[in-house]
Amino acid sequence: MGNRYPKLVALDIDYAIFTSYLDPNKFGDRGWVNGDLRNNLELVDSHTLRDKKNHANVVHLASDIPRIIHDLDAHNVVIALVSQHPNKDLCDRALWHFKAHDKNDKTKSIIYFVKYDEVVNENKKHHFERIHGWSHFPYREMLFFDSQSRHLALEKELGLTFLFIADSKKGMTWDDYTKGLRMWRANIVEHEHK
């Protein structure tokens, strides 16, 4: 049981994958841009994107996310994004810039690893209901990492495992990830002994 993984891991975007909010109203000139907002993102380094016009406006990838993505891929875990962010295209483009290694050690855009891209400004319960409908995975086979403690209610409502990311300045860490896996494994053992 110690090495078992959930079938699906869901990640929030803001303050989880990123260490801040990817604010669609700040890119370009106070939100006004020529052409597509997504084109205003430019990679500074492997963990930082900035606005092409306003270099003070940056977003950072949490430092352990590439390692976490690699581990999930190496264990054939399906990855979902579950976020109430209002601009899915902007989030997807940001994740396209950031990279992780797949199980064969090939470098790929993080968005490549995402099977269920539920970035919709609505109740996250609806996100999981759709994912459940598409994947047919039982909720107990899902582990959700989120920076908002109010989503703990989903654990009780749906039966998934929830881990609150407490340090929004760091985003999701390797310690958060391994703690979430331990919690999920304990919940599975408890469920299987009922």
Side-chain angles (χ1 to χ4, degrees), residues 3-22 38-39 41-49 59-85 87-120 124 126-148 151 154 160-163 165 168 170-185:
N3 291 330
R4 186 168 169 190
Y5 279 72
K7 293 190 184 305
L8 181 136
V9 167
L11 306 170
D12 189 14
I13 292 178
D14 299 310
Y15 305 102
I17 292 177
F18 302 139
T19 60
S20 61
Y21 176 60
L22 180 59
R38 295 173 297 178
N39 293 331
L41 297 173
E42 75 180 351
L43 193 64
V44 176
D45 61 43
S46 63
H47 285 80
T48 308
L49 287 175
V59 66
H60 299 282
L61 180 71
S63 61
D64 291 335
I65 291 296
R67 180 179 176 199
I68 292 165
I69 297 293
H70 172 77
D71 191 64
L72 292 170
D73 188 57
H75 291 93
N76 301 310
V77 177
V78 172
I79 298 172
L81 298 179
V82 175
S83 174
Q84 292 172 312
H85 195 283
N87 193 321
K88 177 181 183 197
D89 290 341
L90 184 64
C91 293
D92 288 354
R93 179 62 62 93
L95 291 172
W96 176 81
H97 283 283
F98 293 123
K99 311 291 186 211
H101 294 281
D102 69 9
K103 61 183 142 200
N104 300 314
D105 214 29
K106 291 191 180 0
T107 304
K108 297 185 177 174
S109 293
I110 288 177
I111 197 65
Y112 164 84
F113 296 93
V114 176
K115 180 161 185 177
Y116 300 109
D117 194 353
E118 283 294 301
V119 180
V120 182
K124 290 187 181 183
H126 300 309
H127 300 185
F128 280 103
E129 288 170 341
R130 281 192 296 274
I131 291 168
H132 172 69
W134 295 322
S135 70
H136 303 288
F137 295 151
Y139 290 113
R140 70 180 173 274
E141 287 288 344
M142 299 181 188
L143 171 56
F144 178 35
F145 295 90
D146 195 301
S147 63
Q148 298 177 46
H151 293 117
L154 293 171
L160 52 78
T161 299
F162 173 86
L163 183 90
I165 299 167
S168 62
K170 287 185 181 177
M172 186 175 165
T173 65
W174 185 258
D175 287 343
D176 292 325
Y177 174 63
T178 57
K179 182 179 178 183
L181 287 174
R182 285 192 308 272
M183 287 174 55
W184 177 82
R185 289 170 181 146

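All values below come from the heavy atoms of this structure, side chains included, with hydrogens, waters and symmetry mates left out.
- Residues His101 and Pro66 have side chains not in contact (no heavy-atom distance under 4.5 Å, counting atoms from C-beta outward).
- The NE2 atom of His151 lies 14.0 Å from the CG atom of Leu163; values are rounded to the nearest 0.5 Å.
- Side-chain contact check for Asp117 versus Asp92: some heavy-atom pair is nearer than 4.5 Å.
- Counting only distance, with no hydrogens or angles, the side chain of Thr48 and the backbone of Asp45 share no donor-acceptor pair below 3.5 Å.
- Looking only at side-chain heavy atoms (C-beta outward), Met142 and Trp184 stay at 4.5 Å or farther from each other.
- Side-chain contact between Arg130 and Tyr116: absent, with no pair of heavy atoms (C-beta onward) separated by less than 4.5 Å.
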Pair Val120, Lys88 - check side-chain contact (heavy atoms from CB on, under 4.5 Å), show working.
CA-CA 7 Å; Val120 182; Lys88 177 181 183 197; 5.8 Å; no
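- Residues Ala62 and Met172 share a closest heavy-atom pair of CB-O, 3.6 Å.
- One distance of note links CG of Asp14 with OG of Ser168; it measures 10.5 Å at 0.5 Å rounding.
- Across all non-hydrogen atoms, the minimal contact from Pro6 to Leu143 is CG-CB, 4.0 Å.
- The pair Glu129-Lys124 does not meet the salt-bridge criterion, since no charged nitrogen lies less than 4.0 angstrom from a carboxylate oxygen.
- Residues Asp12 and Ile17 fail the side-chain proximity criterion, which asks for heavy atoms closer than 4.5 Å.
- Under the 3.5 Å distance criterion, with hydrogens and angles disregarded, a donor-acceptor pair is assigned to the side chains of Asn76 and Lys103.
- Taking both residues in full, the closest heavy atoms of Thr161 and Gly180 are given as CG2-O, 4.4 Å, listed atom of the first, atom of the second, then distance.
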side-chain contact (heavy atoms from CB on, under 4.5 Å) between Ile68 and Val9: does it pass, once the steps are laid out?
CA-CA 11 Å; Ile68 292 165; Val9 167; over 6 Å; no
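- The CD1 atom of Ile79 lies 4.0 Å from the CD1 atom of Ile69; values are rounded to the nearest 0.5 Å.
- Counting only distance, with no hydrogens or angles, the side chain of Arg185 and the backbone of Arg4 share a donor-acceptor pair below 3.5 Å.
- Using a 4.5 Å heavy-atom threshold, the side chains of Phe113 and Leu72 count as separate.
- When every heavy atom of Phe137 is checked against every heavy atom of Lys7, the shortest pair comes out as CD2-CD, 3.5 Å.
- Ionic pairing of Lys108 and Asp73 is not present here: no N-O contact between side-chain nitrogen and carboxylate oxygen is shorter than 4.0 angstrom.
- How far CG of Leu49 is from CZ of Arg93: 11.0 Å, rounded to the nearest 0.5 Å.
- His60 contributes no side-chain N or O that, together with a main-chain N or O of Ser20, makes up a donor-acceptor pair within less than 3.5 Å.
- The closest side-chain heavy-atom distance from His70 to Arg67 is not below 4.5 Å.
- Side-chain polar atoms of Lys170 and Thr19 form no donor-acceptor pair below 3.5 angstrom.
- Looking only at distances, no side-chain donor or acceptor of Asp64 sits under 3.5 Å from a matching main-chain atom of Thr173.
- Proximity of the aromatic rings of His85 and Tyr21 is defined here by a centroid distance below 6.0 angstrom, and this criterion is met.
- For Asp176 against Gly171, the heavy-atom pair with the smallest separation is OD2-O, 3.6 Å.
- Annotation for Leu61 and Ser46: closest pair CD2-O, 4.1 Å, computed over non-hydrogen atoms.
- Counting non-hydrogen atoms of neighbouring residues, nucleotides and ligands closer than 6.0 angstrom, the NZ atom of Lys99 exceeds 12 such neighbours.
- When only modelled atom types and interatomic distance are considered, Asp71 and Tyr177 share a side-chain donor-acceptor pair under 3.5 Å.
- How far CD1 of Ile13 is from CG of Leu81: 5.0 Å, rounded to the nearest 0.5 Å.
- No side-chain N or O of Asp146 forms a donor-acceptor pair with one of Tyr15 less than 3.5 Å apart.
- Between atom CD1 of residue Ile65 and atom CZ of residue Phe145 there is a gap of 9.0 Å, rounded to the nearest 0.5 Å.
- Taking the side chain as every heavy atom from C-beta outward, Leu22 and Leu90 approach each other to under 4.5 Å.
- In summary, of the residues considered (Tyr139, Phe162, Phe144), a ring-ring contact (aromatic ring centres under 6.0 Å, His included) with Phe128 occurs for Phe144 alone.
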